[in-house]
Amino acid sequence: KQEVTQIPAALSVPEGENLVLNCSFTDSAIYNLQWFRQDPGKGLTSLLLIQSSQREQTSGRLNASLDKSSGRSTLYIAASQPGDSATYLCAVRRRQETSGSRLTFGEGTQLTVNP
Amino acid sequence: AAGVIQSPRHLIKEKRETATLKCYPIPRHDTVYWYQQGPGQDPQFLISFYEKMQSDKGSIPDRFSAQQFSDYHSELNMSSLELGDSALYFCASSGGGVTETQYFGPGTRLLVL
């Protein structure tokens, strides 16, 4: 059974700081890994998706890396802003022959960026 | 761009009542997923459908059932509701193959009293 762990559970940084969020998973038989952002009581916004054959993806100030063999991914946020405050979730997609395979989520890292 | 639509957005029910949640995927998406997120918890996968057939099944209680219709919308039917069913229910959709991004709807917040 796939287990996804995110460290740290919570993180508070001053504005402008670069930061790294960590995600680890136990089963390397995955199709891809997604990073999401969730604001309190709101839906999930997909930030980045990394296919299992890729090493990293970048979008603006965000960079996600994937090391499938070691079961690890990191989300790097450069020059953090108060608007980045949210819970960040990573999720891995189970390898399955047909479309519709599930995402297994980590418990998230709650990020607070202080002005 | 069109997004995943869920209705209703909020729902209040009594114990032992039934509820039906609806999901309208992004146009041309053929796969729908349902997730349940309890308070302070990560989303848990319930069930998914690809081309109107069940594709993957997770921790969905026997009291719940779901289906995908010919127009690709999906409904999650929940019966004999319990207090523990209070949660945010997300629908996601994807299209174009096994590796496609799942796009999430805004969720339906269900409160069981």
Side-chain angles (χ1 to χ4, degrees), chain A residues 1-7 9-10 21 23-25 27 29-54 57 59 64 66 68 86-110, chain B residues 1 3-6 9-10 23 25-26 29-60 66 68 72 74 87-109 111:
Chain A
K1 179 187 174 186
Q2 180 72 271
E3 292 183 4
V4 181
T5 305
Q6 290 187 244
I7 295 173
L21 308 181
C23 172
S24 61
F25 48 95
D27 186 353
I30 64 169
Y31 270 132
N32 54 47
L33 182 146
Q34 271 182 269
W35 281 94
F36 292 89
R37 169 188 172 135
Q38 186 174 29
D39 293 285
K42 302 293 186 182
L44 300 168
T45 301
S46 181
L47 299 173
L48 289 164
L49 178 144
I50 311 177
Q51 302 293 355
S52 62
S53 59
Q54 297 175 323
Q57 282 286 331
S59 176
L66 174 65
K68 198 175 77 163
T87 296
Y88 290 81
L89 295 152
C90 75
V92 296
R93 185 162 190 174
R94 174 168 110 167
R95 193 165 189 86
Q96 181 176 300
E97 291 297 320
T98 59
S99 184
S101 57
R102 71 186 69 179
L103 288 175
T104 300
F105 285 83
E107 293 180 345
T109 294
Q110 187 173 349
Chain B
V4 177
I5 297 172
Q6 291 188 245
R9 294 292 308 280
H10 302 273
C23 170
I26 293 171
H29 279 191
D30 52 16
T31 308
V32 170
Y33 314 76
W34 287 97
Y35 294 85
Q36 176 193 57
Q37 185 177 31
Q41 299 179 357
D42 53 289
Q44 295 292 316
F45 173 76
L46 294 177
I47 195 167
S48 63
F49 294 88
Y50 167 59
E51 284 291 348
K52 291 151 279 184
M53 299 288 289
Q54 182 181 304
S55 178
D56 195 2
K57 187 174 181 180
S59 52
I60 183 169
Q68 185 180 32
Y72 294 101
S74 178
L88 194 53
Y89 290 83
F90 288 111
C91 171
S93 75
S94 69
V98 296
T99 59
E100 285 295 304
T101 300
Q102 292 185 26
Y103 294 92
F104 281 70
T108 293
R109 185 170 296 282
L111 179 60

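- Considering all non-hydrogen atoms of both residues, A:Arg93 and B:Ser94 come closest at NH2-OG, 4.2 Å.
- Heavy atoms closer than 4.5 Å to chain B are found nowhere in A:Gln110, neither backbone nor side chain.
- Heavy atoms of B:Gln37 lying under 4.5 Å from chain A belong exclusively to its side chain.
- Inter-residue side-chain proximity for A:Arg94 and B:Asp56 is flagged as met; some heavy-atom pair is nearer than 4.5 Å.
- For chain B, the nearby parts of A:Glu107 are the backbone and the side chain; heavy atoms of each come within less than 4.5 Å.
- Ranking B:Ala92, B:Gly58, B:Pro43 against chain A, the residue ahead of the rest is B:Pro43, based on heavy-atom pairs under 4.5 Å.
- Looking at every heavy atom in both residues, A:Gly106 comes nearest to B:Asp42 through O-CB, 3.0 Å.
- Taking all atoms of both residues into account, the shortest heavy-atom contact from B:Leu88 to A:Gly41 is CD2-O, 4.5 Å.
- Listed here is the closest heavy atom pair of B:Ser55 and A:Ser101: OG-N, 4.5 Å.
- Side chain of B:Tyr35 to backbone of A:Leu103: a donor-acceptor contact under 3.5 angstrom is found.
- Looking at every heavy atom in both residues, A:Leu44 comes nearest to B:Phe90 through N-CE2, 4.2 Å.
- Atom CZ of A:Arg102 sits about 11.0 Å away from atom CD of B:Gln102, to the nearest 0.5 Å.
- Sparse packing is recorded around OH of B:Tyr103, with 12 or fewer heavy atoms of other residues, nucleotides or ligands lying under 6.0 Å away.
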